[in-house]
Amino acid sequence: MEPKATYGELIPCGGGDPIPLYRENLIVGRRSKCHISLSYPNVSSEHCQLQLINGYWFLRDLNSRNGVKVNGVRCDQKWLLPGDEISIAKHRYELVYHPEGDEPPPMDEDPFAISLLEKAGLSRRRERDELELSSNSTRKRDPLSGNDTERELTEWLADDDEPE
C-alpha cells in the first residue's frame, strides 16, 4: 500500500509524533470528528482551521476560547510560512512544509486592524459583534435607548460634562 501524500506536518515542540497534513482544508479541535483531533481540555471542540491556498497554509481561529498564536503573537487569522510556530491553546507545533505557490501570500498585515483588547482576548471578536449588530437591526426597538451597557456608558459620559 502506497503512503498518502502530505502537504506538510505539524511537529510538536515538546516532542511527540508529527501530525501529517493530508488534506488542503483541516479543522483542528478536541472533537473526534475533527481532521486533527487534540484531546486536551483547553482545546475548543473546533478550535481552528488550516487551509492550503495557492500553495501556502492559512490559519483561522474558529472563535476558540483559548485562541491561537503564530510565533508567539495571538491572531485571528494569518498566513503561515515554513518553520512558523503555531500555538493551539498552549500546545505548540512547528509547521514544516514546502510552499508550492508561485507568489508568496501577502504578509504585511495592518497592525491596527485588530484592537489590543481583541489581541489579548479581552474583547469579543468582530464576527460575533457583527452578528449581534445584524440580529439587533432586525428587531424593532427604539434606536436611542440602546442596551443597558450602552445606556450606562452614555450616562457615565454625560456625568463628566456637568460642572460641579
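One is the number of the first residue; the rest follow in order along the sequence.
Contacts of Leu52 classified as side-chain contact (heavy atoms from CB on, under 4.5 Å), with partners at least two apart in sequence or in another chain: Tyr7, Glu24, Trp57. Residues meeting the side-chain contact (heavy atoms from CB on, under 4.5 Å) test with Ser37, sequence neighbours left out: Ser39. Judged as a side-chain contact (heavy atoms from CB on, under 4.5 Å), and not counting sequence neighbours, the contacts of Pro18 are Glu9, Ile11.
The backbone N or O of Arg65 sits less than 3.5 Å from a side-chain atom of Ser44, completing a donor-acceptor pair. When atom types are taken as modelled, the side chain of Ser64 and the backbone of Gly67 share a donor-acceptor pair closer than 3.5 angstrom.
Between the side chains of His35 and Arg23, at least one donor N or O sits under 3.5 Å from an acceptor N or O. Side-chain N/O atoms of His91 and Asn42 include a donor and acceptor closer than 3.5 Å. Between the side chains of Asp61 and Gln77, no donor-acceptor pair is found at a separation under 3.5 Å.
Enclosure of atom CG in Asn54 is not indicated, since only 12 or fewer non-hydrogen atoms of other residues, nucleotides or ligands lie within 6.0 angstrom.
Contact check for Ile19 versus Val28: no side-chain heavy atoms found under the 4.5 Å cut-off. With contacts defined as side-chain heavy-atom distances shorter than 4.5 Å, the pair Leu95/Leu21 qualifies. In this structure, Cys48 and Arg60 have side chains that are not in contact, with every pair of non-hydrogen atoms separated by 4.5 Å or more. Within the 4.5 Å cutoff, side-chain heavy atoms of Leu26 are placed close to those of Ile36. No side-chain heavy atom of Val43 sits under 4.5 Å from any side-chain heavy atom of Asn66. Contact check for Arg92 versus Glu85: side-chain heavy atoms found under the 4.5 Å cut-off. The shortest side-chain heavy-atom distance between Asp84 and Tyr97 does not fall under the 4.5 Å cut-off.
Arg30 CZ to Ser45 OG: the interatomic distance, rounded to the nearest 0.5 Å, is 5.5 Å. Here Asn63 contributes atom CG and His47 contributes atom NE2; the two are 10.5 Å apart, rounded to the nearest 0.5 Å. To the nearest 0.5 Å, the span separating CG on Asn71 from NZ on Lys69 amounts to 11.5 Å. Interatomic distance, CG of Leu62 versus CD1 of Ile27, reported as 5.0 Å (0.5 Å rounding).
For an aromatic pair to be called close, the ring centres must be under 6.0 Å apart, and Trp79 with Tyr56 fails this.
In the hydrophobic clustering of ILVMFWY residues, with side-chain heavy atoms under 4.5 Å counting as a link, Val68 and Val96 come out apart. Tyr40 and Leu10 end up in the same hydrophobic cluster when Ile, Leu, Val, Met, Phe, Trp and Tyr side chains are linked at under 4.5 Å.
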